[in-house]
Amino acid sequence: MLEHLGSLPASLNSPSSGDPASAASLHNEHALWMQQVDITPFDFSYLGSLLQQAFTDWQQQRNPIPNNAATIFNVWDTEGVSVGDPYEDVSMDVSLTVLRCLETGQEQSLLSSDKHGQFHLLAIPLRSRSNKDMFAVFTALIYEPNQYETSEALVRAEASHYRTCFYRRFEYIFMTDLLHAHEQSAREEHRRSILFQIVQRMHDNMDVDTILDEVFSSMDYLYPTMRITLFMSQDQSSSNARIKPLLVHERGEDICVRSFMEGRLIVVRSIDGENRIIEVGLPLKGKQGIYGVFYIEMNDELMEESDLQLITMMADTAGTAFENAKLHEQSNMLIQELRLINDLTQRLNKSLQLMEIFQFAEQEMLGMFQAESCCILQMNDSTNQFEVMSSNVHQLRRQSFPNNYGIAGALYQSEEPLIMSNYLQHAPFPSQFMDHTKSLSLIASPVRVNGEVKCVIMLGHTQEQFFSYDNYRLLQMLVIHMGLALSNATLHAEVRRLANLDMLTGLYVRHYLDNVIHERQAHEFCGSLIVVDIDQFKQVNDTFGHQTGDQVLKQVSDIVVSSVRPEDVCARWGGEELAIYMPQLGIRQALEYAEIIRQRVSEETRPSVTVSSGIAEWSWMDEKVSVESLFYRADMALYQAKHGGRNRIVLEEQEVTR
């Protein structure tokens, strides 16, 4: 109705001053403006209720017809339908008279009779204020013939009175609508102001949790009775109890899943007893995707369409701010990850010792991921088992496990990393690591060296869902660099091993043996050195050639290695001379091994050769303990064996002949 009423006076929204004259002037201005407000033909079809309300007001205010005249009043709309008390047995004449009044726009009069007797019908058109458009017909049915002339003037006065009641009711409804519109406008302005402040606070912040908390606090402020929960579709740890994971496979096709899958607002209305409930699923989305769904529940009577629009705008703003903050967080995290990777790579590559690399990696991994427990295992190619190389779990240290056992075995078979949020619920295999540490959360990854899985790293925490997907992804990047460091250390160890080996015999070289003996003398109590020389080796070379001589030397070396203990160190001392250091073994015990070597050489070599040996020992009680002294004494014993007839063993300062 308001769109046909013209512009409002400029002073309608202006505050009045305290001056009585000004207040009176303002009142007169408003009254004059109200008198100019009118209905138009566009409003006629909607006036039924207004005509009826005005008719009730008029009945309560009117004066009765004098001389007790029997008069029945009524009001008819532009469709010829009565809105007042209906006549009993309305005659065709009455209806036709009302229609003629509507058609001609002129006052109509009728003399007729019905079962109550003769009557005089007077139909008076009611017109609008400004354009004089007829919007209703006022009728009076008078049954006192002698009162016709007197009653006509009074009927016209009643019609005028009714028209006044109509416009009072119209002005009241108009002002009610006007105040409602004003209140609505003020409320919308207030909401826009709040929304602007919310948007500003969200976009001024680059912290994901703070943005989500801002959404909840704003919703609570605007709608205190609203129950709101945010179901997040991605990894988002938060202390806010109203932020929960969106488990699509568990929720089925409920409103949250539908809103998330379709990416749009979904509203469901239902009745719970006497209460009308509205449920709203509203996606939290940005340009790059949907991050979660707001689930809102409240009384339907308190929710208007404008409220839904405002909530949608807030959710859209929150989605954009959340995405910006998430991108900012990811950028900082990526920078931090690159720094960690760079630092870890540099520090790993500084060490070429495998044990140092394992121990350093354990310490760094515990700090980076805030894990409570760590275990690093390495595949032993000779035993085909995983050996614990470094761990802060003392029960696992120096343990070995088959390559098909537990988490390490699973990673060895699949060659894929693993993340687990609750080991007790989703444990597909046994694990001593998880059992000893009572961990629920786990991230683990295989470490490849030259394309093959050689190590496994496991990180655990007793808190459920502790590790995030970002932790899982970072671990995969770190193990690549750890694999490179292990590869470098392995290559370096192999180069050092080859540098310490004699290429012909496969025995260690003399300088390596010197270093071993020197280190052993610093930490042990005793040891023996056997120096073995092939008798008349030059004659073998001259007779059979140097290639055969090399084969004989290799045969003797193999006999030496297979005749002594695993912890003994065998080396080529020079030419056809070999040396065996036997730690923690006295000279008499070393003699037994030397005799075995002497017998086997004479029996197993082809062409057959013999060996002579000299043996010396040291103990911590000696006045002078040195590598040079030990070698000198063993060499002197060998010299005596060679000049004493060969194929014999000589102990320092004594001889044993076979």
Side-chain angles (χ1 to χ4, degrees), residues 500-514 516-517 526-618 627 630-658:
N500 292 325
L501 292 180
D502 177 69
M503 300 305 295
L504 174 61
T505 63
L507 303 180
Y508 289 107
V509 295
R510 179 171 177 172
H511 71 81
Y512 177 80
L513 182 63
D514 290 346
V516 169
I517 296 175
C526 66
S528 296
L529 177 66
I530 305 174
V531 179
V532 180
D533 182 77
I534 301 176
D535 297 332
Q536 298 179 334
F537 186 70
K538 183 178 183 302
Q539 185 177 346
V540 174
N541 285 330
D542 294 341
T543 304
F544 300 99
H546 287 280
Q547 185 173 0
T548 301
D550 290 343
Q551 293 175 357
V552 169
L553 183 59
K554 183 70 169 63
Q555 292 177 43
V556 174
S557 300
D558 292 341
I559 291 172
V560 168
V561 172
S562 60
S563 299
V564 297
R565 303 172 301 172
E567 62 266 31
D568 297 334
V569 182
C570 302
R572 184 178 181 183
W573 199 26
E576 68 274 19
E577 294 178 331
L578 309 179
I580 309 156
Y581 178 72
M582 312 188 83
Q584 302 288 68
L585 207 65
I587 194 169
R588 291 294 174 181
Q589 295 166 307
L591 174 62
E592 297 177 5
Y593 289 98
E595 177 59 22
I596 294 173
I597 294 172
R598 190 192 68 79
Q599 290 180 0
R600 289 185 60 189
V601 168
S602 63
E603 296 171 359
E604 299 177 14
T605 54
R606 294 292 182 273
S608 179
V609 295
T610 61
V611 294
S612 298
S613 300
I615 306 176
E617 69 174 347
W618 72 273
V627 177
L630 184 64
F631 270 109
Y632 175 77
R633 289 184 278 121
D635 190 40
M636 292 304 296
L638 174 63
Y639 179 80
Q640 294 177 16
K642 298 286 286 185
H643 287 78
R646 300 185 181 89
N647 191 23
R648 65 185 57 208
I649 304 170
V650 175
L651 305 181
E652 57 177 334
E653 299 182 352
Q654 53 184 312
E655 177 181 353
V656 178
T657 305
R658 303 298 183 193

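Position 1 is the first residue of the sequence, and the numbers go up from there.
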For the student: nearest non-hydrogen atoms of A579 and W573, plus distance: CB-CB, 4.2 Å

Nearest non-hydrogen partners of V560 and I580, listed with the distance: CG1-CD1, 3.4 Å

Residue pair T548 / P607, side-chain heavy-atom distance below 4.5 Å: yes

R598 side chain reached by T610 side chain, heavy atoms, under 4.5 Å: no

For C570, the option from V564, V532, D502 that meets side chain to side chain contact (heavy atoms under 4.5 Å, CB included): V564

Criterion side chain to side chain contact (heavy atoms under 4.5 Å, CB included) against L591, the qualifying member of I530, I596, L651: L651

Side-chain touch F631/L513, heavy atoms, less than 4.5 angstrom: yes

Interatomic spacing from OH in Y581 to CH2 in W618 - rounded to 0.5 Å: 5.0 Å

Closest non-hydrogen atom pair, E652 against A616: OE2-CA, 3.7 Å

Main-chain N/O of V540 paired to T543 side chain as donor or acceptor, under 3.5 Å: no

Any donor-acceptor pair under 3.5 Å from S528 side chain to E617 backbone: no

Min side-chain heavy-atom separation Y508-L501 under 4.5 Å: yes

Contact list for residues 534-557, test salt bridge (charged side-chain N to carboxylate O under 4.0 Å, His left out), sequence neighbours left out: D535-K642, K538-D542, K554-D558

Check: Q555/Q551 side-chain N/O donor and acceptor closer than 3.5 Å: no

Minimum heavy-atom distance L638-S612, with the two atoms named: CD1-O, 3.3 Å

Rounded distance [0.5 Å steps], CD in Q589 versus CZ in R565: 8.0 Å

Flag if over 12 foreign heavy atoms under 6.0 Å of CD, Q539: no

R572 side chain vs G575 backbone, donor-acceptor pair below 3.5 Å: yes

CZ on R633 to CD1 on I615, rounded to 0.5 Å: 12.5 Å

Y639 side chain near D635 side chain, heavy-atom distance below 4.5 Å: no

Minimum side-chain heavy-atom gap F544-V552 below 4.5 Å: no

4.5 Å side-chain heavy-atom contact, D568 and P583: yes

E567, CD: over 12 other non-hydrogen atoms inside 6.0 angstrom: yes

Approximate separation, where rounding is to 0.5 Å, of I597 CD1 and I559 CD1: 9.0 Å

Polar side-chain atom of T605 near backbone of S602 as donor-acceptor pair, under 3.5 Å: no

